[in-house]
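Down below is the structure, laid out as structure tokens.
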Amino acid sequence: METRKYSHREIEAKWWQKWRDEKVYEVDVQNAKKPFYNLWMFPYPSGARMHVGHAYGSTGSDVFGRYKRMHGYDVLQPMGFDAFGIHGENYAIKVGEHPWKLMEDLCNRFRDEQFLRIGHGYDWSKEVRTYWPQYYKWTQWIFLQLFKHGLAEKKTARVNWCPSCKTVLADEQVIGGACERCHTEVEKKELEQWFFKITKFAQKLLDDLDDMDWSPHIKELQRNWIGRSEGAEISFKVAGSDHTITVFTTRPDTLPGATFLVLAPEYKGLSDLVAENKREEIDAYVKTATAKSTIERSEAKEKTGVFTGSYAINPVTNEKMPIWIADYVLSDYGTGAIMAVPAHDERDFEFAVKHGLPIREVVKEDDSYVGFVLSEWSKDFGAFVNRLKDLNVNFLELDEDTAVFSFDKSILKKIVDIAKDYVAKGSWHDFVGSDLTVVFEDGEVYHVPKYEENPKVWARMCTLNPDLKASFGGIWDMLLASKYQNYGKVCFTGDGISVNSELLDGLSTADAKGKVIDWLEQKGLGKKSITLKLRDWLISRQRYWSAPIPVVYCDKCGVVPVNEEDLPVKLPYVEDWKPKGDGKGPLANIPEFVNTTCPKCGGPAQRETDTLDNFLDSAWYFFRYPFVKRNDVPFAGPGVNDADNAKPDSNAFKRWLPVDLYLGGAEHAVLHLMYTRFITMAFKEMGFIDFDEPFKKFFAHGMIIKDGKKMSKSLGNIINPDEYIDMVGADVLRTYLMFLGPLAQGGDFSDSGMSGIVRFKNKIIDLVRKSQEVKESDKNLESKLHKTIKKVNDSIESFKYNTAISALMELSNEWAKGQLSKTDAEKALKLLAPFMPFITEELWQEFYADKNSETFVTIHKQPWPEYDESKVIEEAIKLPVQINGKLRATIIIDPEVVGDEDKIIKLAKDNEVVSRFLADKEIIKTIYVSGRILNFVVS
RNA sequence: GCCGGGAUGGCGGAACUGGUAUACGCGUUGGACUUAAAAUCCAAUGAGGUAAAAUCUCGUGCGGGUUCGAGCCCCGCUCCCGGCACCA
């Protein structure tokens, strides 16, 4: 057959232009009948081109959108650019261009040279760019709403300062003590800044997660980030003064074991507690400690600290507790002060050992959980050793009363069984070896690693059990001589039974916590309390390329918000926009911007010169897309604009939110995704919307790496999708990327596998062409087609596009050997359309489109093929036959007799191989799983 | 250290609810076509075993367990990836 040439360059350009000109993917938000909001995280341009990672995620989203569109949904797939803010500005500094011009150029290029060519069904008529004034006007409007509702406030706090980016950062934007953008180590500074009160919603942010249809690991990351800890606040009286010190602890049950208090060097009110003769020493310590960075502090090998000279009183024991300051206590978690319980906290323990502070044990490990050797080893000892010798157990006798064993873990079970005999006989209560400690309690087996690896456990065992210490004197002495000697003292951090605690004695940790909290509440000394790691969202930035915070400072009226009708507060175009690092934003140097009049009294006033964190821009952009044409409201919802509700179209508007499906990278789990949830909750609280969560479903796609490493500019291993689009076409690149593995997993980019996709594409072209004259499909091939429809449906819906593609490849392999009718070939073509939008359009237009149609009709809006179970032929089943679980034969059975167990057993027994294996054997049991497997259990 | 996720041929990965492990693709080898190459097509391809076979043995990171039967479930490890990290 003569084959027409399909140049991917030609046809791909032809179709994306056609789609654009015919507005194929534009959605009428007001009149859409079946809305589906399909969102992918818009990118931020921080380089010259998009890389293949963007192509991967966006294709993953587009495939789903196309699938839904062919199911008759009005799929809104908008796109825009998160081009305001620090990442773009840093790039502008690097290339030495003004961000206004640079961002406009970059975004145009991303859109026109990359996104359009890759064949995504984006509705560009709803494009959003966060730096456009018509967009950031509403970002500022949101700030004003939060301010008016008490969700934004200006306060002084110790904040993160990035010396390289020359701005403050939110906690979420500090990764491992370094700036999220430039990886410079951040400093802590005490500054007055604007915050959003995200902590107000902490509990809701946590609770909602339980029922949300989000990738589970993302939910877990958010839970960890919120970091909820339940415990108690306890107040301690300072001896000889009116002061009290309040601490937070998750272990109020250990209060009787608290032997000293430790305050952070930044503790407020510290100077009131310092004894005169200690003042100099303390000042010096505070000075060195605060000069250290967070990283330096956490990496300190030794726990340093200084005694203040003051004492607090332990309310349970009435003993004096020295008050120390030490930099291992963090000022910005809890109350900045702790009660130290060295017996049950490793850090306190280390500190106590170093500074010679008392250690009081108040929790004992529950004996019913771990027990030790109690009885005489001599009893049945020799017999036991003999039995172990047969098992290759290394036996080492330290002295006549002390025995150490080592053995391979593989024989643990056998040793346990032997030892159990002795336990059963009453000879021993437990069994201990040097490799393992095996404890039987109600048949349970516990296991403790080698003492060299876990000396703490051994030290604890010996301390808690004097008998053990006596019988293992050798090991005990070795421990004391070793580097682990510090652990010779008890430091048990788990739950157990309270001891030495008077009112709590004998209670389990959980009960003791409850009881001590009741006791404290009665005495007015404390209460149940919850502490979070999550802190309020710091939104001030001392940078140029962002939306100015819309407030002014008036000498008379104080902090005054800008009137809504005066928005946007425009970011002035200036030549000198680079950050100075003086703690003020570049806007502070522009008098025309700074000097204004007070919106309230009309008097002279100064504008706020900090700008908004760009994460606010992206925290609400999905609200804007459907309503981007509306300049009167940011988005439509019940409370946004009452007048709007009077319009007949308002309901149509509202149907688009929340977003049906959001796809994006996991790297935004605690930044962007937490902020979007907060803003949505704030909108709800302010009455603008009537739902709590922004996305019905969120799916995290994986990352594309190169040779096992992240793609990065510094490694120079960034893959540009453009060259592949040139070389093999967007259809092949898309399908190749989706074929790498499940979408959640990402993949390692290597172009070696791409040739398989090229072959597959060419094969489909040939097959569709050859089917044009075929009137009727082969029955078995039609059956395969319908199985494929089902498989493709299931695979796409669970984002396992790789298996959808492999199912289509299987179909093509069989199709090459048989005939599909012209109509069935169209079905196959449609199944491929989400992956290869261009070639499927080309073929469909050539062979299937109505040439007389006046309007343009596209394959991408054709109905998706229906799965017809009646077309699926039940083929003869190859039934595996096992004997004792081993495959011995497969028998071919008619699908009609699948349910007839007796007949199948007979058939199996007639099989030559089976009968050979069954000869002379007694069948004990026969297991038949209908149509799946037949297993004979024989003697 | 803590919390997640993972480990399957030479490679990327399949495998329904515990039921024939390695689908699909790449690569490799051999063959056809060709003057030749590319492209295309056909065949083989987990390891061992054998003259060749075989439903002969072994095989889903390691050691155990449950089960007629385990890649999948349970217990204990190792390694890799991601996140958090002196968070009381």
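Within every chain, numbering begins at 1; the chains are lettered A, B, ... in the order of the sequence lines, protein sequences first and strands thereafter. As the structure is a prediction and not an experimental result, all values here were calculated from the model.
Comparing B:rC24, B:rC26, B:rC86 by their nearest atom to the side chain of A:Met809 picks out B:rC24. Candidate nucleotides B:rG19, B:rC86, B:rC24 were compared by shortest atom distance to the side chain of A:Val929, and B:rG19 ranks first. Listed nucleotides B:rC56, B:rG12, B:rU20 differ in distance to A:Lys878; the shortest reach to its side chain belongs to B:rU20. Comparing B:rC56, B:rC24, B:rG4 by their nearest atom to the side chain of A:His217 picks out B:rG4. When distances run from any side-chain atom of A:Ser229 to the nucleotides B:rA88, B:rC68, B:rG19, the shortest one goes to B:rA88. The side chain of A:Tyr328 has B:rC86 as its nearest neighbour among B:rC86, B:rG19, B:rG83. Considering only the side chain of A:Leu740, B:rG12 comes nearest among B:rA14, B:rA23, B:rG12. For A:Asp327, counting side-chain heavy atoms from C-beta on, the closest listed nucleotide (B:rG25, B:rC84, B:rC86) is B:rC86. Comparing B:rG12, B:rU57, B:rA88 by their nearest atom to the side chain of A:Lys886 picks out B:rU57. When distances are taken from the side chain of A:Asn802 to each of B:rC68, B:rG13, B:rG12, the shortest belongs to B:rG13.
Using a 4.0 Å heavy-atom distance criterion, A:Tyr928 is classed as making no nucleic acid contact. Within the nucleic acid shown, A:Asp348 has no heavy atom closer than 4.0 Å to any nucleic acid atom. Residue A:Lys800 is out of contact with every strand shown, counting any heavy-atom pair closer than 4.0 Å. Contact annotation for A:Ile175: backbone-only contact, meaning every heavy-atom pair under 4.0 Å involves sugar-phosphate atoms and none involves a base. A:Thr531 comes within contact range of no nucleotide atom at all, as no heavy-atom separation falls under 4.0 Å. Within 4.0 Å of A:Thr250, counting heavy atoms only, lie sugar-phosphate atoms of the nucleic acid but no base atom. Residue contacts shown for A:Pro742 are limited to sugar-phosphate atoms, with no base heavy atom under 4.0 Å away. Contacts of A:Glu220 with the nucleic acid, taken as non-hydrogen atoms under 4.0 Å apart, involve only primed sugar atoms and P, OP1 or OP2. Within the 4.0 angstrom heavy-atom criterion, no nucleotide atom of any strand lies near A:Val247. Note on A:Asn935: a base of the nucleic acid sits closer than 4.0 angstrom, heavy atoms only. Across all strands shown, A:Leu887 has heavy atoms under 4.0 Å from base atoms, whether or not it also approaches the sugar-phosphate. Among the heavy atoms of the strands, none lies under 4.0 Å from A:Thr926. Here A:Gln745 lies in heavy-atom contact (under 4.0 Å) with sugar-phosphate atoms only.
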Base-pair map of RNA chain B as dot-bracket, where | denotes pairing with a different strand and pairs are Watson-Crick or G-U under 3.5 Å: (((((((..(((......[....)))((((((.......))))))(((.......)))..(((((..]....))))))))))))....
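The aromatic rings of A:Phe699 and A:Phe799 sit parallel, their planes meeting at an angle under 30°, below the 60° perpendicular limit.
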Derivation and outcome, ring pair (Phe, Tyr, Trp, His ring centres under 6.0 Å), residues A:Phe260 and A:Phe236: CA-CA 11 Å; A:Phe260 56 102; A:Phe236 292 85; over 10 Å; no
A:Ile904/A:Leu879 under side-chain contact (heavy atoms from CB on, under 4.5 Å): CA gap, chis, key distance, verdict: CA-CA 9 Å; A:Ile904 283 165; A:Leu879 186 77; 3.7 Å; yes
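Once rounded to the nearest 0.5 Å, the distance linking CG of A:Asp327 with OG1 of A:Thr290 reads 9.5 Å. Taking CG of A:Asp253 as the reference point, atom NZ of A:Lys513 lies at 6.0 Å (rounded to 0.5 Å).
A:Lys303 forms a cation-pi arrangement with A:Tyr328, by the criterion of a distance under 6.0 Å to the ring centre and an angle within 45° of the ring axis. Cation-pi check for A:Lys784 over A:Trp815 is not met; the charged atom does not lie both under 6.0 angstrom from the ring centroid and within 45 degrees of its normal.
A:Lys761 and A:Val728 make their closest contact through NZ-O, 4.3 Å (heavy atoms, listed as atom of the first residue, atom of the second, distance). Taking all atoms of both residues into account, the shortest heavy-atom contact from A:Val914 to A:Ala889 is CG2-CB, 3.7 Å.
As a whole-Å value, the separation of A:Met339 CE from B:rA88 P is 13 Å. Counting to the nearest Å, the C1' atom of B:rG82 and the CZ atom of A:Arg223 are 17 Å from each other.
One C1' atom belongs to B:rU66, the other to B:rC75, and the distance between them is 11 Å to the nearest Å.
No donor-acceptor contact under 3.5 Å links the side chain of A:Arg759 to the base of B:rC26. One N or O donor and one acceptor, one from the side chain of A:Lys303 and one from the base of B:rC86, sit under 3.5 Å apart.
Between A:Gly753 and A:Lys763, the residue anchored nearer the 5' end of RNA chain B, judged by the nucleotide with its closest heavy atom, is A:Gly753. In terms of position along RNA chain B, the nucleotide closest to A:Ser752 lies nearer the 5' end than the nucleotide closest to the other residue of the pair A:Gly336 and A:Ser752.
Nucleotide B:rG48 is shown with an anti base, its glycosidic torsion being more than 90° from 0.
Separation of the A:Phe835 and A:Tyr736 ring centroids does not fall under the 6.0 Å cut-off.
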